[in-house]
Amino acid sequence: ASPIASSVYEPESFSVLSPTDWSVSDVVRYFTAAGFPEQAAAFRSQEIDGRSLLLMRRNDVLTGLSIKLGPALKIYEHHVKELQKTHNRK
């Protein structure tokens, strides 16, 4: 199976699972691999799994995770929002 081309950074190990199937550890690995290891810990402490990640709103990421504003904005705009566009069915 060939990976689906996407502008969203998805490490190879994630190409098999849809984000809705990610565990908390998968979410942590995703953000660690994407260059946000410190912020990834916040997703673990808040027990954010893939399904929860896809439900997050901008304000949840900016204020609910207790992470610095700069990284929080990048995480939301370039990762959470993009994953939602790609994987949420409306």
Whether Phe36 and His79 hold their rings parallel, tilted or perpendicular, with breakpoints at 30° and 60°: perpendicular

Rounded distance [0.5 Å steps], NE2 in His87 versus CZ in Arg51: 13.5 Å

Non-hydrogen side-chain atoms of Val80 and Phe31 separated by less than 4.5 Å: yes

Donor + acceptor pair across side chains of Asp21, Ser18 (<3.5 Å): no

Neighbour count >12 (heavy atoms, 6.0 Å) for atom CD, Glu38: no

In one Ile/Leu/Val/Met/Phe/Trp/Tyr side-chain cluster, 4.5 Å: Leu17, Val27: yes

Heavy-atom pair with the smallest gap, counting every atom of Glu77 and Arg58: OE2-NE, 4.1 Å

Pairing of Arg29 and Asp26 as salt bridge, 4.0 angstrom limit: yes

For the student: nearest non-hydrogen atoms of Ala42 and Ile67, plus distance: CB-CG2, 3.6 Å

Closest approach of Thr32 to Ala40 (non-hydrogen atoms, all atoms of both residues): OG1-CB, 3.4 Å

same_hphob_cluster(Leu53, Leu73) at 4.5 Å side-chain heavy-atom cutoff: no

Closest contact, heavy atoms only, Leu62 versus Leu69: CD2-CD1, 4.0 Å

Value rounded to 0.5 Å, distance of CD in Glu47 from OG in Ser52: 9.5 Å

Heavy-atom pair of closest approach, residues Leu65 and Phe43: CD1-CZ, 3.5 Å

Exercise: identify the closest heavy-atom pair between Met56 and Tyr76: O-CE1, 4.2 Å

Close side-chain approach of Trp22 and Val28, heavy atoms under 4.5 Å: no

Exam field: side chain Gln84 to backbone Leu54, donor-acceptor pair closer than 3.5 Å: yes

